[in-house]
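Only a predicted model underlies this, so the values are computations on that prediction, with no experimental measurement involved.
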Amino acid sequence: MKINEFRDKIKRCRREDLEKIASELYKMLPKGKKESDADPLIEDIISGVNLSVSREKRKAVVVDFESLKSQINEFLENVDANLYCTPNRVVPKSKRSKWRFEVKNFVKMINDIPADGENGAESARLLRELYNRLAYGCGYYIFPSEDPFQAVGIRQPDFYDMLVKRTFASGFSDENIKNMLIDATSVCIDRNSLYIEMEEIFANALVTNDLKYKAIDFIKEYVDKFEAEIKKKSSYSSYQLSSNIEELCETMLIISILLCEPDDAVKYYWKHVHDSNKEVILYKILDTIRVFGDEKLWISVYENGIKMKIKPRNSLEVKYQEMKDKIG
């Protein structure tokens, strides 16, 4: 039936019938839809949020920033003390189960604060703290949820994009660039996202060539730092650091392609990303070039791989031949 017909029917229902209809409809929703869409909507309605009011009008609401800051800091302290995933007397059980609504409300209130205003930089810091806890929760159990970003109804790249825009609204300081670089490449990631999504957001946010070159310098600093740490870390820590290095090199390659200067980045990738199977490295480089580069660069890197006596997988051989035939 159409929505108007549905509304006409429920208008004639008794309260107990409405409750039964709502319960049955709720049961039919997949778990992911309940957490990401239905639950927040229900909470908004119960709390009295006027859903017909546009986001622009809601932004007119003045946020008590000091109160918000205090609430978020208390929340972060409780999260760091594992009080949202273990029995305790500080955070009641009923509140632990509603942690995602706290975060959702925090994010909404932060977004109501002008990014370029008096509290813009500090609001970006608070948003980053929330982002990092959610990201950490993708790898470690600190919330009663296996996927914190899905629980709050925001994909990790979308949350990161929001963070980047708010952070850079206060300027492209070295600290801001480094923070956004690390938050794109060296955090835990949810099951529905890819690092390359956030790396692309970061690269595109660097609006001048000078900023892109600066980011490349920072990438090299972190790679050197992580490689030094690998020499004195456990095998698990070394694995994680190696993964961070790979994502940093991936980001450098994306930025360098945007600068139309990819050659040094490709060499840097080969030098600092390690895998017992070199064909895997070749595949990763070519896949990035497929997304951000052009056919000429793709063919050149492929042919250099052949010169290195690497045997590409069949899909790469087919793609190479297609590109050669197309170019002529």
Side-chain angles (χ1 to χ4, degrees), residues 26-27 29-49 63-113 119 122-164 166-167 179-180 182-193 195 198 236-237 240 244:
Y26 187 80
K27 289 178 185 177
L29 292 172
K31 182 180 178 182
K33 278 290 183 182
K34 289 177 183 177
E35 291 186 346
S36 64
D37 297 329
D39 290 350
L41 177 62
I42 292 168
E43 287 292 324
D44 280 347
I45 293 173
I46 292 173
S47 63
V49 173
V63 175
D64 183 344
F65 183 72
E66 290 305 316
S67 175
L68 174 62
K69 180 178 177 180
S70 177
Q71 292 175 51
I72 293 177
N73 285 333
E74 180 181 1
F75 172 80
L76 296 172
E77 289 175 5
N78 289 336
V79 170
D80 293 344
N82 290 322
L83 299 183
Y84 278 88
C85 61
T86 57
N88 65 89
R89 296 182 179 180
V90 178
V91 180
K93 184 177 180 180
S94 60
K95 187 175 181 180
R96 295 198 296 271
S97 64
K98 296 179 179 179
W99 70 272
R100 61 187 181 275
F101 300 120
E102 284 191 82
V103 174
K104 189 176 179 66
N105 188 52
F106 290 152
V107 172
K108 173 185 172 298
M109 293 180 73
I110 287 174
N111 282 332
D112 286 339
I113 298 168
N119 297 312
E122 183 64 5
S123 70
R125 185 192 68 79
L126 292 172
L127 188 64
R128 183 174 186 246
E129 294 287 352
L130 292 171
Y131 170 84
N132 278 303
R133 297 315 189 283
L134 295 179
Y136 189 81
C138 292
Y140 303 90
Y141 190 70
I142 59 173
F143 297 111
S145 173
E146 295 180 357
D147 191 336
F149 286 102
Q150 184 183 51
V152 300
I154 309 173
R155 290 186 68 245
Q156 186 167 356
D158 294 334
F159 200 121
Y160 175 77
D161 184 48
M162 179 169 46
L163 174 61
V164 166
R166 180 160 290 269
T167 299
N179 285 344
M180 293 305 96
I182 289 299
D183 289 346
T185 62
S186 304
V187 296
C188 296
I189 195 168
D190 70 36
R191 67 187 69 177
N192 300 310
S193 304
Y195 282 108
M198 295 184 290
Y236 174 78
S237 296
Q240 186 58 54
N244 295 345

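Once rounded to the nearest 0.5 Å, the distance linking CD of Q71 with CG of D64 reads 8.5 Å. Rounding to the nearest 0.5 Å places CZ of F101 at 8.5 Å from OG of S97. To the nearest 0.5 Å, atoms OH (Y131) and CD (Q156) are separated by 4.0 Å. Rounding to the nearest 0.5 Å places CE of M162 at 10.5 Å from OG1 of T167. Note that the CD atom of E66 and the CG atom of N119 stand 7.0 Å from one another [nearest 0.5 Å].
N132 pairs by the side-chain contact (heavy atoms from CB on, under 4.5 Å) definition with R128, D183, V187, not counting sequence neighbours. Annotation: side-chain hydrogen bond (donor to acceptor under 3.5 Å, both in side chains) contacts of N82 (sequence neighbours excluded): none. Evaluation of the side-chain contact (heavy atoms from CB on, under 4.5 Å) rule for N192 yields D147, Q150, D190 as partners, not counting sequence neighbours. A search for side-chain contact (heavy atoms from CB on, under 4.5 Å) contacts involving L68 returns V63, I72, F106, M109, I110, I113, not counting sequence neighbours. For Y84, the side-chain hydrogen bond (donor to acceptor under 3.5 Å, both in side chains) criterion is met by E102, not counting sequence neighbours. For P92, the side-chain contact (heavy atoms from CB on, under 4.5 Å) criterion is met by S94, K95, not counting sequence neighbours.
Counting heavy atoms from C-beta on, the side chains of F159 and L127 come closer than 4.5 Å. A 4.5 Å side-chain heavy-atom check between I182 and N244 finds every atom pair outside the cut-off. Within the 4.5 Å cutoff, the side chain of P148 has heavy atoms near those of the C138 side chain.
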- prompt: Does the pair S193 and R155 meet the rule for a side-chain contact (heavy atoms from CB on, under 4.5 Å), with working shown?
  reply: CA-CA 7 Å; S193 304; R155 290 186 68 245; 3.6 Å; yes
Using side-chain contact (heavy atoms from CB on, under 4.5 Å), reason through L134 and F143 one step at a time and then give a plain yes or no. CA-CA 9 Å; L134 295 179; F143 297 111; 4.0 Å; yes
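Listed here is the closest heavy atom pair of Y140 and C188: CE1-SG, 4.1 Å. Shortest non-hydrogen contact noted between L126 and N73 is CD2-OD1, 3.9 Å. Taking each heavy atom of Y195 and A184 in turn, the nearest pair found is CD2-O, 3.3 Å. When every heavy atom of Y160 is checked against every heavy atom of M180, the shortest pair comes out as OH-O, 2.8 Å. Among all heavy-atom pairs drawn from M198 and P157, the shortest one is CG-CA, 3.9 Å. A pairwise comparison of heavy atoms in A151 and W99 identifies CB-CZ2, 3.7 Å as the closest pair.
Using a 3.5 Å distance cut-off with no hydrogens or angles, the side chains of S123 and R166 do pair a donor with an acceptor.
The local environment of CD in E122 is crowded, with over 12 non-hydrogen atoms from other residues, nucleotides or ligands closer than 6.0 Å.
Judged purely by atom type and a 3.5 angstrom limit, R96 uses its side chain to pair as donor or acceptor with the backbone of V91. Between the side chain of D158 and the backbone N or O of I154 there is no donor-acceptor pair closer than 3.5 Å.
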